Amino acid sequence: MTFSITRRRLLIGSAAGLGTIGLTGCDEVVQNSNVENVLAMAEKLTIGSQRLLVPKHELAREFSEADISPIFKPNGTSQPDSEEYARMMENGFADWRLKIDGLVERPVALSLADLKRLPSRTQITRHDCVEGWSAIGKWTGTPLGALLQSAGLKPGARYAVFHCADQLEQTLDGSGTYYESIDLIDAFHPQTILAYQLNGKDLEVAHGAPLRLRVERHLGYKHAKYLMRIEIKDSFAELWGGKGGFWEDRGYEWYAGI
Ligand SMILES: Nc1nc2c(c(=O)[nH]1)N[C@H]1C(S)=C(S)[C@@H](COP(=O)(O)O)O[C@H]1N2
Ligand SMILES: [Mo]
């Protein structure tokens, strides 16, 4: 059962290749000292006031099919306006690739079909936007932890940065591009998934097609849509406004725990 898998078990055994991603059998893989270092660092991150209040792997509430909202309001970008995105959309995202790079042993570029072949998780959760609305939806996607485990974290890895396809603000230097970041504790949380389905259907463009982050226990703006690249970093201080996200650079909290 997925819930019983601890972060330690997920982190140990990063030597596995993509084909062998599975949420069992980690114990058979030789322990990797780099990964143990990462674990030690990640442990330190728990020393935040919110983290002392919320056990790190406590699950967000999950609902039943009957609770699913009839309408899930799209918010923020409802369609990235770049030509590149339009071209990918036209052929059903067959040419889209999710890059995972930065502080990883094995950078990868995954197609939607690759992601769909991997073990998935489905969860019915409530999305809370700071603008004052909520909606319950059923999300299906690939657990992020398993992907990072497969890519292999390098020493110094502390954050996953999500680069999106949309520019929410048109600026010449690209600083208006939507991006987000989470720490490794949230990256390895069992409900943190890269979702390609909402309510049993491929994601609509308005909800972030072809892939968006679900990081339950966090406010809506952390759930980056239109994912293009996940960059593993030791710090986000040098990136754009330095606060770890498009909205964070404009004053929102980085740790948007609910
Ligand atoms: N790339 C991108 N991701 C984004 C946004 C956005 O504008 N661009 N808006 C955020 C906000 S504020 C919310 S509430 C949710 C909305 O998700 P939805 O459109 O599926 O309802 O996406 C978040 N992720
Ligand atoms: Mo939001």
Side-chain angles (χ1 to χ4, degrees), residues 60 63 67-86 88-89 93 96-100 112 115 122-142 144 159-171 174-182 186-187 189 191-231 236 239-241 243-258:
F63 297 80
D67 299 317
I68 293 173
S69 302
I71 293 170
F72 200 116
K73 178 184 139 63
N75 204 34
T77 301
S78 55
Q79 183 172 326
D81 60 10
S82 71
E83 277 177 29
E84 190 197 358
Y85 187 84
M88 292 189 297
M89 201 174 77
F93 300 101
W96 169 92
R97 293 290 181 275
L98 174 74
K99 286 190 215 119
I100 303 180
L112 201 50
L115 288 162
T122 295
Q123 58 206 29
I124 303 176
T125 53
R126 196 186 66 211
H127 177 100
D128 297 305
C129 172
V130 282
E131 290 168 20
W133 58 273
S134 298
I136 294 176
K138 179 167 82 172
W139 301 98
T140 300
T142 314
L144 177 58
Y159 303 102
V161 177
F162 302 86
H163 298 278
C164 306
D166 57 316
Q167 296 240 345
L168 203 49
E169 210 175 272
Q170 298 301 329
T171 53
S175 60
T177 305
Y178 206 92
Y179 79 104
E180 258 303 337
S181 60
I182 60 176
D186 280 325
H189 185 278
Q191 288 170 320
T192 300
I193 62 173
L194 304 180
Y196 43 75
Q197 278 189 359
L198 171 59
N199 298 336
K201 288 182 295 195
D202 281 353
L203 270 192
E204 285 171 22
V205 168
H207 290 298
L211 195 74
R212 65 99 54 82
L213 175 67
R214 290 301 306 170
V215 52
E216 311 300 347
R217 310 188 305 170
H218 281 273
L219 287 169
Y221 61 88
K222 299 295 286 186
H223 301 238
K225 306 195 282 189
Y226 315 111
L227 295 180
M228 298 300 294
R229 175 180 175 214
I230 300 175
E231 186 187 9
F236 46 72
L239 191 61
W240 304 126
K243 300 293 193 316
F246 175 90
W247 284 116
E248 286 85 335
D249 287 342
R250 289 155 183 81
Y252 286 23
E253 290 291 319
W254 178 76
Y255 191 82
I258 316 175

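Sequence positions, counted from 1, serve as the residue numbers for this chain. Remember, it's 1-based here, ligands and their atoms both numbered in the order they're listed. All figures in this text were calculated on a predicted structure; none of them were measured in a lab. Only heavy atoms go into these numbers, but all of them, side chains included; no hydrogens, no water, no symmetry mates.
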Student: Would you call Arg217 and Asp186 a salt bridge, taking side-chain N to carboxylate O under 4.0 Å as the test?
Tutor: yes
Student: Is the ring pair Trp133/His127 parallel, tilted or perpendicular, if the boundaries are 30 and 60 degrees?
Tutor: parallel
Student: Measuring from each atom of ligand 1, which residues have a heavy atom under 4.0 Å away?
Tutor: Phe72, Lys73, Pro74, Asn75, Gly76, Thr77, His127, Cys129, Trp133, Cys164, Asp166, Leu168, Tyr178, Ala206, His207, Arg212, Gly220, Tyr221, His223, Ala224, Lys225, Tyr226
Student: Thinking salt bridges, do Glu248 and Lys222 make one under a 4.0 Å N-O criterion?
Tutor: yes
Student: With sequence neighbours excluded, what pairs up with Tyr196 under the ring pair (Phe, Tyr, Trp, His ring centres under 6.0 Å) test?
Tutor: none
Student: What about the rings of His218 and Tyr255, do their centers lie closer together than 6.0 Å?
Tutor: yes
Student: Given the ring of Tyr252, does Arg250 sit roughly above its face, with NZ or CZ under 6.0 Å from the centre of the six-membered ring and within 45° of the axis?
Tutor: no
